[in-house]
Amino acid sequence: MTDLTWWQRGIIYQVYPRSFQDSDGDGIGDLQGIIQRLDYIKALGADIVWISPIFPSPMKDFGYDISDYRGIDPMFGTHRDFDALIAAAHTRGLKVLLDFVPSHTSDQHPWFVDSRSSRDHPKRDWYIWRDAQPDGSPPTNWISEFGPTTWAWDETTGQYYLHIFLASQPSLNWRNPQVQAEMLDTMRFWYQRGVDGFRVDAITHAAPDVARGDHPENPDWHDGMNPSQRLLKAHSKNQPFNFDIVRMMRRVTEEFPGRLLLGETDGTLAEVTRYYGADMDGFQLPFNFALLDVEWTVPVLVRTIENYVAALPRDGWPTWVIGNHDCIRIASRVGHDRARLAMTLLLCLRGTPTIYQGDELGIENADIPADKVQDPWEIQVPGKGLGRDPVRTPMPWDASNGAGFTTGTPWLPVAVPRDGPVSLQGPGSVVDYVLQLIALRQGTDALLRGAYRTVTATDDVLIFARDGADQTILIALNFSDHTQPAPSGDTLLSSHDGTGPLAPHEARILRAH
Ligand code: GLC
């Protein structure tokens with residue numbers, strides 16, 4: 001049997017740098033702070049640290065609006081800090097992934113400043129400019145991810161530019177070969193500096209095809225939904241050229257042995273699996289967001305898991321995620337009582353899991369008072385629950401003022417989980433369970449590579465098997481509030497006491513007889 005690569009065996013841990021650890025008292029996390037906490041990540045048993053953007057940015061979208069792809073925002077530190085972080089991670093056997101944001105820059109990026117300076121500027125075509133319609137309205141009816149139209153009018157040059165997200169995040173024109181060359185070279189720059197790969201942001205929006213015109217109405221849309229879903233993004237998202245762009249990125253990645261591309265691939269199952277590439281020349285790991293969106297019931301989860309497993313290309317390695325900096329906290333979504341169960345599902349399915357910082361602690365969505373709201377999405381589309389501040393709160397390291405996160409005033413309030421801050425979490429806490437779960441997973445071949453098989457799926461209980469070469473591991477998850485019959489086998493780990501019938505919300509891992 002072939003060996004698994006580091007990214008097939010490893011667990012990805014997402015660090016949201018603003019909220020991980022502050023080292024200089026400004027209330028915002030930074031690179032030196034991450035270095036201080038690498039031992040925590042290592043002790044947890046994760047292997048791969050993905051860090052959300054750390055590049056110079058006006059922070060209109062908290063770093064996802066980049067004004068210099070090769071710099072480090074002074075808020076986070078310097079190149080020297082970055083080099084120290086890579087060295088400190090590698091010394092501990094941890095890999096580091098940076099966030100790469102190809103689909104748009106900040107409007108403060110010098111390229112855009114040039115592009116908007118005149119219609120004749122050589123960089124005009126680096127972005128997507130179009131004339132108004134005869135009545136002055138925007139070129140298409142497209143709606144941006146964060147609310148209003150995707151088109152912003154530029155008074156000076158008398159044209160609209162495209163922005164899929166905020167107006168301060170103009171879309172790059174990847175059909176321009178100079179843009180391709182520059183962006184691909186940026187990847188080389190960071191590879192040469194030692195990064196082990198990239199999480200590629202918003203790739204599905206990198207090749208909008210304006211010539212295809214208006215988007216059709218979404219027949220399923222209703223008033224309570226996210227306004228950006230009122231139209232089907234038939235011409236802006238997952239266009240054929242997207243897959244060519246990914247191939248270009250992969251070719252560059254192959255210039256540097258042993259590196260990884262993890263794509264933010266949101267779409268239908270067919271679209272997501274297409275990102276592996278026709279010849280496995282796309283992303284090694286196209287994110288599989290299925291578990292983030294679906295109803296948290298056994299029948300729906302089983303269908304979702306089985307459909308994904310069946311749709312994977314023959315050589316496609318699976319990947320799973322249940323939380324990130326854009327989505328409701330898993331412990332809030334499924335309920336605190338089922339936080340351990342959810343982590344068990346994430347860590348026992350076949351494929352590379354990603355843990356969002358704090359989910360290992362059972363952190364729940366925070367209440368953000370109106371005067372503390374930071375997220376532009378909440379500001380543009382208020383009151384619909386779209387704001388992402390509640391899931392971006394700083395890590396609660398200890399019981400001191402500032403929670404060990406900062407000596408200053410944290411940029412968002414710290415959310416302390418029910419089991420208390422990290423320093424007070426002992427036996428019986430969520431993180432104590434997750435530590436054992438990760439140790440078991442990483443030490444059990446059947447959990448790392450064994451095939452997935454549904455054993456029992458009722459409304460209350462999901463039991464699945466991981467069939468390894470020499471043993472079968474059973475994972476029994478009781479979704480109900482009642483005890484349920486347990487499968488027979490030797491209990492290896494349980495979120496409860498692990499004997500007799502399954503307790504309400506219990507997750508139990510067994511070696512089958
Ligand atoms: C991705 C990021 C999100 C950001 C958006 C625009 O979806 O995860 O946080 O707002 O891209 O860059």
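When a ligand or atom number is given, it counts from 1 through the structure's own listing order. All heavy atoms count here, side chains included; hydrogens, waters and symmetry mates do not.
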ask   = Taking atom types as modelled, is there a side-chain donor on S52 or Q14 under 3.5 Å from an acceptor on the other?
value = yes
ask   = Per the side chain to side chain contact (heavy atoms under 4.5 Å, CB included) rule, which among T105, D154, I128 passes with P170?
value = T105
message = Please tell me whether Y127 and H109 have a donor and an acceptor in their side chains that are separated by less than 3.5 angstrom.
response = no
inquiry  = I need the contact type for F146 against ligand 1. Using non-hydrogen atoms and a strict under-4.0 Å cut-off, is it side chain, backbone, both or neither?
reply    = side chain
key: atom 5 (C) of ligand 1: nearest protein contact (heavy atom, Å)   = F165 CE2, 3.7 Å
request  = Compute whether any side-chain donor of one residue and acceptor of the other, for S228 and K233, lie under 3.5 angstrom apart.
outcome  = yes
query = With a 4.0 Å heavy-atom cut-off (strictly under), which part of K60 contacts ligand 1: side chain, backbone, both or neither?
reply = neither
message = So is E145 touching ligand 1 or not, going by heavy atoms under 4.0 Å?
response = no
task = May I ask you to list the atoms of ligand 1 that are less than 4.0 angstrom from any heavy atom of H325?
result = 2 (C), 3 (C), 8 (O), 9 (O)
ask   = With S332, which of V391, I363, N365 fulfils side chain to side chain contact (heavy atoms under 4.5 Å, CB included)?
value = N365
ask   = Hey, is R392 touching ligand 1 through its side chain, its backbone, both or neither, going by heavy atoms under 4.0 Å?
value = side chain
note = Ranked by distance from atom 7 (O) of ligand 1, the top protein heavy atom is E264 OE2, 2.9 Å
Per-residue contact class, H104 against ligand 1 - non-hydrogen pairs under 4.0 Å = side chain
Between S19 and W411: side-chain donor-acceptor atoms closer than 3.5 Å = yes
inquiry  = Under 4.0 Å from a heavy atom of R388: which atoms of ligand 1 are those, numbered in the order shown and with their elements?
reply    = 3 (C), 4 (C), 9 (O), 10 (O)
key: With H325, the ring pair (Phe, Tyr, Trp, His ring centres under 6.0 Å) member among Y64, F62, W377   = Y64
ask   = Using 30° and 60° as the class limits, which term best fits the ring planes of H235 and H215: parallel, tilted or perpendicular?
value = tilted
request  = If you have a sec, work out which protein heavy atom is nearest atom 10 (O) of ligand 1 and how many Å separate them, to one decimal?
outcome  = D61 OD2, 2.6 Å
query = Which heavy atom of the protein is the closest neighbour of atom 9 (O) of ligand 1, given with residue, atom name and distance?
reply = D326 OD1, 2.7 Å
query = Any idea which protein heavy atom is nearest atom 11 (O) of ligand 1, and the distance to it?
reply = D201 OD1, 2.9 Å
